[in-house]
Number of protein chains: 2
Amino acid sequence: MKILIAEDEIDLQQSIATYLERDGNVCEVASDYNDAAYKVDLYEYDLILLDVNLVTGSGLDVLKKLKKDKRDAGVIIISANSSLDDKLDGLDLGADDYITKPFHLAELNSRIKAVLRRGKYGGDDTITFNEIMVDTKSRTAYINGRALSLTRKEYDLLVFFLTNQGRVLSKEIIAEHLWGDNSDLADNFDFIYVHINNLRKKMTAEGAKYIKTAYGSGYKFIAD
Amino acid sequence: MKILIAEDEIDLQQSIATYLERDGNVCEVASDYNDAAYKVDLYEYDLILLDVNLVTGSGLDVLKKLKKDKRDAGVIIISANSSLDDKLDGLDLGADDYITKPFHLAELNSRIKAVLRRGKYGGDDTITFNEIMVDTKSRTAYINGRALSLTRKEYDLLVFFLTNQGRVLSKEIIAEHLWGDNSDLADNFDFIYVHINNLRKKMTAEGAKYIKTAYGSGYKFIAD
DNA sequence: ATCATTCTTTAGATTTCCCTTAGAATCGAG
DNA sequence: CTCGATTCTAAGGGAAATCTAAAGAATGAT
């Protein structure tokens, strides 16, 4: 499942992402209203976790936008207070469920599962592209049916490419997605080269050469 | 399936009953503690939905009674609050699952199915995978017909793997399913290593090597 | 109460991976 | 073509994750 986490507390954002990714989901994060609105516009998500109190705007506006555009992502509202107003507003606007901070990740997870299971959002746990197939449940990538032995970072990188096919991804974007907004590393993303290289080696060994270098701007995943 | 609904909110009681009967189940209801204790004593149920807050007593006492009498009905605890104490008490006493009000009937239904499918109660009492066979009634696992001597945790772990074949299960997910989500221990799940190791030793001694380590992500149960 | 079994903790060994480094190769502007 | 910037590639140190055995704590049966 592809899940957007629109939450401005970086710690919470990261722990949610880690928890959900370990359960086989693909997570992207948005730290403010603009980022959330942008990503919701651009990508198809199976589920969106939406904090009502985003720094530059309200999560409820993102929800309005979603429903106006008749997008069918599931939505779970996250709120700092247990105000009934927030809850009712959110559910009125078409959210599927509601959770109040602080909460246990296990509870969030079971609500997520419930929303996803509730029908229309359920579906496929695999991502396929030509001879490549990724089973997100087992976190295993296959090429022509043969399993690749990928490390965690390599797997995450491949999934990120597969879910952003044809798009040029800069080192900075990749780093942000795979490592989170970690300002400690902000000055040097050269280690990306190593992971790209390792992933490429394992993929080309099976005949899959899809990761192209866009000199000076990044990488893109695309067939010839 | 014969299901007892021990719940004092009449509206909820009725909507659960209607929902479950539509699926072909036989439902009986109990509106207070005495009624529940009486019926549990008298009849054999496949599953019991147990509200912890019954008007004249605690649902947990019904559960204690059930377990003392070695009755094998599946039990799902219903609680009005998400108090971890209730949950842990319930699971400690032998309940099979736990759900917090308010919940969607669809979610309750899938939990019921999960409990029933788990084989223990009604339906098929065994889980098989290649040369492995688990008899959920006697809580015994066999490999090539030879019984393994498993502890409770090892048995639960094996069943959890068998019912989630191919899926990567993180230490956190495993801990949550086998121990309940206790955030106090959230920083240290290392004891999982020990149980994994013990179970592996007993299984590999019989030639069954299915528990693979997914470094950095968890474990998965899968054939080569 | 005693004993056996099981669970958790502890600590050291081992494995795996990630980031750094450094030199080679490649690209593009002039 | 030349040169600086960017990217590639291989190898190694060190950190983190996992494994393993064994001892202490809890549990349950007799």
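Lettering of chains follows the sequences in order, A, B, ..., and the numbering in each one begins at 1. This is a predicted model, so every value here is computed, not measured.
Contact check, T151(B) against dC7(C): a side-chain N or O comes under 4.0 Å of OP1 or OP2. OP1 or OP2 of dT9(D) has at least one side-chain nitrogen or oxygen of N197(A) nearer than 4.0 Å. In this model, the phosphate group of dC8(D) is approached by a side-chain N or O of T213(A) to a distance below 4.0 Å at OP1 or OP2. Under 4.0 angstrom from either OP1 or OP2 of dT18(D) there lies at least one side-chain N or O belonging to K171(B). For Y219(B) and dC19(D), the shortest distance from a side-chain N or O to OP1 or OP2 is below 4.0 Å. The phosphate of dA16(D) (OP1 or OP2) has no side-chain N or O of R152(A) nearer than 4.0 angstrom. Under 4.0 angstrom from either OP1 or OP2 of dT6(C) there lies no side-chain N or O belonging to H195(B). Phosphate contact (OP1/OP2 of dC17(C), side-chain N/O of Y215(B), threshold under 4.0 Å): absent. The phosphate of dC8(D) has neither OP1 nor OP2 within less than 4.0 Å of any side-chain N or O from K201(A).
One interatomic measurement links the two molecules: CZ of F191(B) to C1' of dA22(D), which rounds to 19 Å at whole-angstrom precision. Look at CG on D190(A): it is 11 Å from C1' on dC19(C), rounded to the nearest Å. In this structure, L199(B) atom CG and dT6(C) atom P are separated by 14 Å, rounded to whole Å. When the C1' atom of dC27(C) is taken as reference, atom OH of Y193(A) falls 12 Å away, rounded to whole Å. For the pair I192(B) CD1 and dT9(C) C1', the interatomic distance rounds to 14 Å; values are reported in whole Å. For the pair R139(B) CZ and dT6(C) C1', the computed distance is 13 Å after rounding to whole Å.
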Original post:
Going through the distances and angles, do F221(A) and F160(A) end up as a ring-ring contact (aromatic ring centres under 6.0 Å, His included)?
Top reply: CA-CA 10 Å; F221(A) 192 94; F160(A) 189 48; over 10 Å; no
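No option in L4(A), L50(A), L49(A), L47(A) other than L50(A) meets the side-chain contact (heavy atoms from CB on, under 4.5 Å) test with V75(A).
To the nearest 0.5 angstrom, I143(B) atom CD1 is 10.5 Å from N130(B) atom CG.
Ring centers of Y210(A) and F129(A): under 6.0 Å apart, within the cut-off.
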